[in-house]
Structures are given as structure tokens and as C-alpha cells.
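Everything on this sheet refers to the single structure shown next.
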Amino acid sequence: MGRKPGSTLNKASAIWLAVAVGALTIAILILVAIQLAKRESIESVSVVASTISGDVLRRADGAADQMYEGYRRLQSSGELDPCSDRSIALMQDISLRSSQIQLVGFVANNQLLCSSMGRYRPGIPVGPVDYHSSMGTNVRLSVELPMAPHTRFLMNDKQGFAMVMHPEIPINVMVNQPKISVGIFSYSTGKEIVGRGEFDPKWARLLGSNFRKTLVTSGEVVALSRSQKYDYVAFAALPGALVAARTRVFALVMVPIGLVLGLALTVSLVLVGRQQLSFPAVIRTAIRKKEFFMMYQPVVDLRSGQWTGVEALVRWNRSAGEIVQPHLFIQAAEESGMITKLTQEVIGMVAHDVLDLVKEHPELSIALNFSRDDLHSDETISRLKKLLAESGIHPNQFMVEISERGLLSADVAAKIIRTIRELGVQVAVDDFGTGYSSLSYLTTLDLDYLKIDKTFIDTIGVDTATSGVIQHIIAIANSLNLKMIAEGVETEDQVSYLREHGVQFAQGWIFSQPMTIDEFRTEFAARSRNASHSA
Ligand code: C2E
Ligand code: CA
Ligand code: CA
């Protein structure tokens, strides 16, 4: 109780749910698109960075190759005096053949004693060694020579033989891109040998034992390429702004794609939702899945106490065994135009459940509830005719209950009721007193029974404003020559009152609640036995 059809079946909320799911999907897709764009741009910037660092490494290795070739030649010359004429001639030859080495010389005690350009007395001071490389060379990172003032050279010496070069040569790449940092640092010491732009000593640690690596640190993309032969690593660092700019470009493509995909998904969700969750679709599915079943409540003869009839009441066993009561779906089925489908299903179920029982007991009648649409539905009427024809049961063992509210639309109802009665089927006006049909209107209808609604039964013995109404209803029924069935009888007092006032039949929990067909059969059989015993 207390649950409205809306709580399980509300179409609008289902569509809102679809919209919400769609919106969430769009948001997620956009986030994914941005993420993808970011990854894509990091990827492409990484490619650029590692191309540059690879280039720097190739240039540095070229210079180092020439340098070590020079050492090899000088050391293997067999000359005892490193500044002899022959040695100097060899130095000249080395520097002339090299595209990278500007000057070849000999250093002792931090002084350049001679070079490919001649001897120096006294020697030219070149300053202390900055570090010793793992290749066995002494490295001076910034040496100024009098023959080339204001120029800083890189000087490497091995056992005194020194190679002097312009440090910029390996890093002469991308010179028109001031935001790109390039350079070389020593692998073993982590010290920058030469570079342009910013250098971070922690890169050496992040490289570990790798020869190539791309790091993304605080938006910046750094590509590292370590030399296979020598003790240094080339680096190229591209700024985060570059990544951001690329991300924007990729996002311009990917976000609209995400948006379109998300929108398409939302629209299809809403469409599918509208279709799937629309009440007619829900009912159709429930019928197909055989989720409806019937319960049966006996109608009792108040004089004899015998069960003379049975009302078929539909139930809905929704998934997970949740039994839905009819007040939660009958009205919705009526409003969505699905009630006739449901009634036809009900007729089928009733036929399956009770035909043999009713056939065996001609004193028993079976009541079906029809809604207004059923009265206007050729399908429902012909389904009823078919039932009569196939069952071979006397038609007056069937009763159709039509709610007073269902009778409101005038003469058509009268005509159809006549049709039903012509079939031999009895007709009851259900829930009498709850609608607004005028008495004169009722007199125009061909009816057999009047069912007094529970709200009036509840007033019996209770002093309320409507207490007197039940007497009027009984009077009306008598004047129209209609038999009465009291609904929702729950107390002995109500039973005695109804009996005393000439009401012939009653239904209610004091006799029995609605039961499954098996329960009904068992109970009915037991009563028939008792009746025949006492007879
Ligand atoms: P109704 O035709 O007036 O049916 C009587 C309702 O009162 C049933 O509720 C029944 O279970 C309940 N009832 C019977 N005795 C007592 C009692 O002593 N105390 C109380 N408190 N209730 C009692 P149910 O089965 O929930 O049906 C509710 C309504 O749903 C029915 O009212 C009827 O209008 C509609 N309905 C049920 N089955 C069908 C059907 O197959 N087709 C159509 N069109 N409507 C149906
Ligand atoms: Ca009824
Ligand atoms: Ca009723």
C-alpha cells in the first residue's frame, strides 16, 4: 500500500533518468576527450623532444669520436716530447681534419704549453679541471684563450693532450626556438657540460640505467638520450605551454566528437526509455512474461451462508516476487489504453483456472471486472463470446462487474450492457454509490446486481454523516428490482445488519480474503462436503 504507480512506472522520471545518464555520459566523454587530447599532445611533443635530443646526441658523438681519434693518434705517435715539432705538426693535422675541434694542444699544471698553433712560454693558464669523466678525461667547461678573447671553449684533456672546441656545436639545433632547452650533461656526475636554457640536475637520476627516456614533469616534456659510447646524455626540454597549446588543438577535434557521441547516446537512451518504459510497453511485457495472475474471493449467500459465486481479482507479480495490487495499475492501464489487453488476458486466465469447477457446480457463478473501455471493445466482447461458446457453461454462470464510474458515458453503455445481457451473462454495477450516476440514469440500464461499496458497509453501526446512505441504496436496489452484493464485509454486526435489511449476498474478509485458485478449490470442496453431510 501507499505506493503509487508512479514510483515504479513513472514515465517522466524514467526519461529524466535517461537524460541524467546521458548528461553524465557527455561529461565523462568530454573528460575522456580532453584526457585523450592531452595524451595525444604529450605524445606528439615527446616525439619532437626526443628527435631533438637524438640530434644533439648524434652531434656530440660526432665531436667525441673526432676527439678520441685525436687522442689515439697523439698517444700512438711514439713521440716522447709532447711539444716537439713533430707533435705540433700532428696536432695541426688533427685540428685541420676535424670539423669539430678548433685547437689541439698539450696541458700540464693547468697551463697550455703548446698547441697546433705553436709553443707558449710561459704557458697559457687554463684554470682547474671541472671534473674527471668516467672515460678518463679531464674536463674544463669554460676556458678562455688569449688568441680568441671573449670566447668560452670546452677543453678535454687525456694525459695532457687537450682538445679544444666550441661547446655550442652539438647544441646548435632549434636555435630559433628560445623556449626549448637543449644540452648535454655528464652521465656519471650529473653536471651540465653545455646547454642552452634551463637544466635540472634531477633528470640524471630520473634517467636511471635507461639510454632513452621521456619525462613529463610539471607539464614540461624532457627527452633524454644517453650516449652508447661516451659519458654524457643529451637532453631536450619542451615547455608545458607547448603541450597545452597542442592539447587545445586536439581538444578542438575530440571534444566535439565526444559531445556528438554523448548527445546521440542521450537521445537514443531517451527514445529507448520512452518506448521501453512507457506503460503500454510495460504491460505488454508483463503479459508476455505471464506476470499477471488471478485471486478469487467468494461471494456468500447471506441466508444460507453458501458460496454462490466467486469474483476474479487480478494481481501482478512483478520481477523479484513483488506482488502489485490492482489499485496500483488498473487505473494506469485504463488511462494508457491497455486495459482491454489486460482484460482479455484475465478472461484467458479465468477460463484456465475455473471453467471445470464452474461446470461441475451450476450453483456457482464467476464474476469478472470490466472497465469502461472493455464495454466499447469488440475484442473484449468477442473474447467473452468465445469463452461462452468454448466452455459450454450456462452464460448466466458468468457475471460482468462494471464500476459505476465506468457507466458514466451514457447510452452507449446501455446498449452494450444490453448486448452482454442478451448473451445471457449477468451484469452488476460495481462500487455503487461512489460515482455520480443519477438514479434516473440507472433506471435506463438493464442490470442484475448492485454491489454496495465498502465505504457504506463501513458506516454500519457507526454514527457518521453517511450512515443513513446505505438504507437509501438498499431502497434504490429494491425499487429497481436489483439483487445486492455487499462488499468489504468485515464484522458480524455488518453481516446481521445486511441480513436484516434484505441484502442477499456479501463478500468480505469475515468470510474469506481473495485466495489462489487452489486454495479456493480446496475450501469450496470442503464446504460442499459439509453441506451434503448436514443435508
Ligand atoms: P473491486 O472490484 O471493488 O474489488 C473488491 C476489492 O476489495 C478487492 O481489492 C478485494 O480484495 C477487496 N476486499 C474484499 N473484501 C474486503 C474486506 O473485507 N476488506 C477490505 N479492506 N478489502 C476487501 P483488490 O483485489 O485490490 O481490487 C481492487 C480493485 O481493482 C477492484 O475493486 C477492481 O475495481 C479492480 N480490479 C481487480 N481485478 C480487476 C480485473 O481483473 N479487471 C479490472 N478491470 N479491474 C480489476
Ligand atoms: Ca468488482
Ligand atoms: Ca467494488
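In listed order, ligands and their atoms are each counted from 1. Because only heavy atoms are used, hydrogens play no part in the values below, and waters and symmetry mates are left out as well, while side chains stay in.
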Looking only at heavy atoms, the pair that brings A234 and S53 closest together is CB-O, 3.4 Å
Residues I470 and F456: closest non-hydrogen pair is CD1-O, 3.9 Å
Donor-acceptor contacts, no H, no angles, side chain residues 481-490, under 3.5 Å, sequence neighbours left out:
none

Within a distance under 3.0 Å of the Ca ion (ligand 2), the protein atoms of type N, O or S are E311 OE2, N369 OD1, E401 OE1, D430 OD2
Pairs of donor and acceptor atoms involving the side chains of residues 518-525, under 3.5 Å and at least two apart or interchain, shall be tabulated with distances.
from, atom 1, to, atom 2, distance (Å)
E519, OE1, T516, N, 2.9
E519, OE1, T516, OG1, 3.4
R521, NH2, D353, O, 2.5
R521, NH2, D356, OD1, 3.1
T522, OG1, D518, O, 2.7

Minimal heavy-atom distance between I52 and L238, with the atoms involved, is CD1-CD1, 4.2 Å
Tabulate distances under 3.5 Å between N/O atoms of ligand 1 and N/O atoms of the protein, writing both atom names on each line.
from, atom 1, to, atom 2, distance (Å)
ligand 1, 2 (O), E311, OE2, 3.1
ligand 1, 2 (O), N369, OD1, 3.2
ligand 1, 2 (O), D430, OD2, 3.0
ligand 1, 3 (O), D431, OD1, 3.3
ligand 1, 3 (O), E487, OE2, 3.0
ligand 1, 15 (N), Q297, NE2, 2.9
ligand 1, 18 (O), W509, N, 2.7
ligand 1, 19 (N), E490, OE2, 2.5
ligand 1, 21 (N), E490, OE2, 3.2
ligand 1, 25 (O), R315, NH1, 3.0
ligand 1, 25 (O), R315, NH2, 3.0
ligand 1, 38 (N), V314, N, 3.1
ligand 1, 42 (N), N369, O, 3.3
ligand 1, 44 (N), N369, O, 3.4
ligand 1, 44 (N), S371, OG, 3.2

What I want to find out is whether K451 reaches E311 closely enough, with some N-O distance under 4.0 Å, to be called a salt bridge. yes
**Report entry** D374 and T380: side chain donor to acceptor below 3.5 Å
**Finding:** yes
| message | I want to know whether W203 and F185 have ring centres closer than 6.0 Å. | response | no
Is it the case that R315 places NZ or CZ above or below the six-membered ring of F293, under 6.0 angstrom from the centre and within 45 degrees of the axis? no
